Asks: 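The structure is given below, and queries will be raised subsequently.
Position 1 is the first residue of the sequence; numbering continues from there. What you see is a predicted model, and the numbers here were worked out from it, not measured in a lab.
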Amino acid sequence: MKALFISRDDLVRYTPISGNLDFDRVVQYIEIAQDIHVHELLGTNLYEKLQADVLNNTLTGDYETLVKSYIKPTLAQYALLEFLPFSQFSINNKGVFKHTSEASETLSRADINMMTEATRDTANHYASRMIEYLRNYPNSFPEYLVNTKEQMSPNRDNNFGGWQIG
């Protein structure tokens, strides 16, 4: 069993996603974002520690602060980032459909790209804050630095492909 680090309410709180969105349309993107982005930022040992704490309802102290103040906003933005390219579409047994509404206009590819880049910038900002927090309190999170070769080591580089001015 896997614990998601954010809920529907967190997603609505930290992103422009409407509260009336069917959560079933986005939940898989939360899991994808958590598996890809958050796991990479935390490394396997810290990720698995937090998974166990959430599943066992034993999340407390510094770990609870990490999840509530750093992981939740980061994961919400990465979940939105993963969801955006597919937000207009649904797939069912009759095929792939693009949603339209009489009272709205479908965004252009350029508009979606602009939203995606803005969301990526926000996600990277929150990820940088989380990395900085983990770097500043290494004794609070001993699992952060003790991954073996078979495990994913955390990405401690808070330069996520942005501009480098030297």
Side-chain angles (χ1 to χ4, degrees), residues 1-87 112-164:
M1 179 175 230
K2 178 183 282 188
L4 294 179
F5 295 139
I6 62 171
S7 67
R8 176 197 170 284
D9 291 342
D10 295 322
L11 193 63
V12 170
R13 176 180 176 201
Y14 291 110
T15 70
I17 289 178
S18 169
N20 66 1
L21 177 71
D22 180 4
F23 190 65
D24 289 342
R25 288 201 59 223
V26 72
V27 70
Q28 66 269 25
Y29 298 100
I30 295 172
E31 186 170 349
I32 289 167
Q34 185 170 302
D35 286 345
I36 293 172
H37 303 285
V38 173
H39 191 165
E40 180 182 12
L41 292 167
L42 299 175
T44 297
N45 284 331
L46 182 53
Y47 180 84
E48 289 178 353
K49 157 86 169 117
L50 293 171
Q51 279 283 307
D53 285 357
V54 170
L55 287 171
N56 295 320
N57 201 28
T58 57
L59 188 66
T60 60
D62 292 329
Y63 295 100
E64 184 175 23
T65 300
L66 176 62
V67 170
K68 287 184 175 181
S69 299
Y70 296 92
I71 293 175
K72 284 180 183 270
T74 303
L75 178 55
Q77 293 299 318
Y78 279 124
L80 176 60
L81 183 64
E82 296 296 335
F83 175 65
L84 274 174
F86 303 98
S87 62
I112 292 173
N113 287 343
M114 187 256 327
M115 285 181 67
T116 300
E117 289 310 307
T119 302
R120 185 182 324 280
D121 289 346
T122 303
N124 288 343
H125 169 78
Y126 283 117
S128 292
R129 285 183 51 208
M130 183 169 58
I131 289 170
E132 201 59 36
Y133 178 72
L134 289 165
R135 284 180 176 169
N136 288 336
Y137 300 98
N139 294 333
S140 297
F141 308 102
E143 302 85 359
Y144 184 60
L145 301 173
V146 292
N147 296 283
T148 63
K149 289 180 184 177
E150 295 81 31
Q151 298 169 317
M152 184 181 297
S153 292
N155 179 355
R156 289 178 278 229
D157 178 16
N158 59 357
N159 180 11
F160 296 99
W163 289 89
Q164 288 186 4

Asks: So which atom in Arg120 and which in Leu81 form the shortest heavy-atom distance, rounded to 0.1 Å?
Replies: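 Nearest pair, atom of Arg120 first, then Leu81: NH1-CD2, 3.6 Å.
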
Asks: Check the pair Leu75, His37 against side chain to side chain contact (heavy atoms under 4.5 Å, CB included), reporting the backbone distance first and the verdict last.
Replies: CA-CA 8 Å; Leu75 178 55; His37 303 285; over 6 Å; no

Asks: Among all residues two or more places apart in sequence or in another chain, which pass the ring pair (Phe, Tyr, Trp, His ring centres under 6.0 Å) test with Tyr133?
Replies: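 Tyr133 satisfies ring pair (Phe, Tyr, Trp, His ring centres under 6.0 Å) with Tyr70, Tyr137, Phe141 only.
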
Asks: Tell me every residue that passes side-chain contact (heavy atoms from CB on, under 4.5 Å) with Ala52, counting only those two or more places apart in sequence or in another chain.
Replies: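 If we apply the side-chain contact (heavy atoms from CB on, under 4.5 Å) test to Ala52, skipping adjacent residues, the hits are Asn56.
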
Asks: Got a second to check how far Leu42's CG is from Ile131's CD1, nearest 0.5 Å?
Replies: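 So the gap between those two atoms works out to 9.0 Å.
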
Asks: Applying side-chain contact (heavy atoms from CB on, under 4.5 Å), can you list everything that pairs with Lys72, at least two apart in sequence or on another chain?
Replies: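 With sequence neighbours excluded, Lys72 shows a side-chain contact (heavy atoms from CB on, under 4.5 Å) to Ile6, Asp10, Tyr14, Val67, Lys68, given in chain and number order.
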
Asks: Show the nearest heavy-atom pair for residues Ala79 and Ala33, with the distance to one decimal.
Replies: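 Shortest heavy-atom contact: N-CB, 3.5 Å.
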
Asks: Using the test salt bridge (charged side-chain N to carboxylate O under 4.0 Å, His left out), find all partners of Glu48 that sit at least two apart in sequence or belong to another chain.
Replies: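 Salt bridge (charged side-chain N to carboxylate O under 4.0 Å, His left out) check on Glu48 returns nothing, list empty.
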
Asks: With rounding to the nearest 0.5 angstrom, report the OG1 to CD distance, Thr74 to Gln34.
Replies: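 Output value for this atom pair is 12.0 Å.
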
Asks: If every non-hydrogen atom of Ala76 is compared with every non-hydrogen atom of Thr15, which pair is closest and at what distance?
Replies: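 Scanning both residues completely, I find the closest heavy atoms to be O-CG2, 3.4 Å.
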
Asks: The criterion is side-chain hydrogen bond (donor to acceptor under 3.5 Å, both in side chains); which residues satisfy it with Ser140, sequence neighbours excluded?
Replies: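 Ser140 satisfies side-chain hydrogen bond (donor to acceptor under 3.5 Å, both in side chains) with Asp62 only.
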
Asks: For Val12, give me all partners under side-chain contact (heavy atoms from CB on, under 4.5 Å), at least two apart in sequence or on another chain.
Replies: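 With sequence neighbours excluded, Val12 shows a side-chain contact (heavy atoms from CB on, under 4.5 Å) to Arg8, given in chain and number order.
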
Asks: Can you name the residues that form a ring pair (Phe, Tyr, Trp, His ring centres under 6.0 Å) with Tyr47, not counting sequence neighbours?
Replies: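 With sequence neighbours excluded, Tyr47 shows a ring pair (Phe, Tyr, Trp, His ring centres under 6.0 Å) to Phe5, His39, given in chain and number order.
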
Asks: Going from CZ on Arg129 to CG on Leu134, what distance comes out if it is rounded to the nearest 0.5 angstrom?
Replies: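 If we round to the nearest 0.5 Å, Arg129:CZ and Leu134:CG are 12.0 Å apart.
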
Asks: Under the side-chain contact (heavy atoms from CB on, under 4.5 Å) test, which residues partner Thr122, sequence neighbours left out?
Replies: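 Only Gln77, Tyr126 meet the side-chain contact (heavy atoms from CB on, under 4.5 Å) criterion with Thr122.
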
Asks: Whether the side chain of Glu82 engages the backbone of Glu31 through a donor-acceptor N/O pair (distance < 3.5 Å, no angle test) should be reported.
Replies: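 Absent.
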
Asks: Working to the nearest 0.5 Å, report the span between CG of Asn124 and OG1 of Thr119.
Replies: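 Between atom CG of Asn124 and atom OG1 of Thr119 there are 10.5 Å.
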
Asks: List the steps and the verdict of side chain to side chain contact (heavy atoms under 4.5 Å, CB included) for Leu11 and Leu21.
Replies: CA-CA 11 Å; Leu11 193 63; Leu21 177 71; 5.6 Å; no

Asks: Return the set of residues passing side-chain hydrogen bond (donor to acceptor under 3.5 Å, both in side chains) with Thr58 (not counting sequence neighbours), or none when no residue passes.
Replies: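 Thr58 satisfies side-chain hydrogen bond (donor to acceptor under 3.5 Å, both in side chains) with Asp53 only.
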
Asks: Within this structure, what is the CG-CE distance for the pair Leu84 and Met114, rounded to the nearest 0.5 Å?
Replies: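 Atom-to-atom, Leu84:CG and Met114:CE are 10.0 Å apart.
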
Asks: Mind checking what makes ring pair (Phe, Tyr, Trp, His ring centres under 6.0 Å) contact with Phe83, not counting sequence neighbours?
Replies: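 Ring pair (Phe, Tyr, Trp, His ring centres under 6.0 Å) list for Phe83, sorted by chain: Tyr29.
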
Asks: Under 6.0 Å from the CG atom of Asn57, do we count more than 12 heavy atoms belonging to anything else shown?
Replies: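 Open: at most 12 neighbouring heavy atoms sit under 6.0 Å from CG of Asn57.
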
Asks: Would you give the length of the straight line joining atom CD1 of Ile32 to atom CD of Gln28, rounded to the nearest 0.5 angstrom?
Replies: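 Those atoms lie 6.5 Å apart.
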
Asks: Excluding sequence neighbours, so at least two apart, what forms side-chain hydrogen bond (donor to acceptor under 3.5 Å, both in side chains) with Asn113?
Replies: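 With sequence neighbours excluded, Asn113 shows a side-chain hydrogen bond (donor to acceptor under 3.5 Å, both in side chains) to no residue whatsoever.
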
Asks: Could you check if a side-chain atom of Leu50 sits within less than 4.5 angstrom of a side-chain atom of Val38, using non-hydrogen atoms only?
Replies: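 Side chain of Leu50 against side chain of Val38, heavy atoms only: no contact under 4.5 Å found.
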
Asks: Going by side-chain hydrogen bond (donor to acceptor under 3.5 Å, both in side chains), name the residues that satisfy it together with Asn20, two or more places apart in sequence or in a different chain.
Replies: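 With sequence neighbours excluded, Asn20 shows a side-chain hydrogen bond (donor to acceptor under 3.5 Å, both in side chains) to Ser18, given in chain and number order.
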
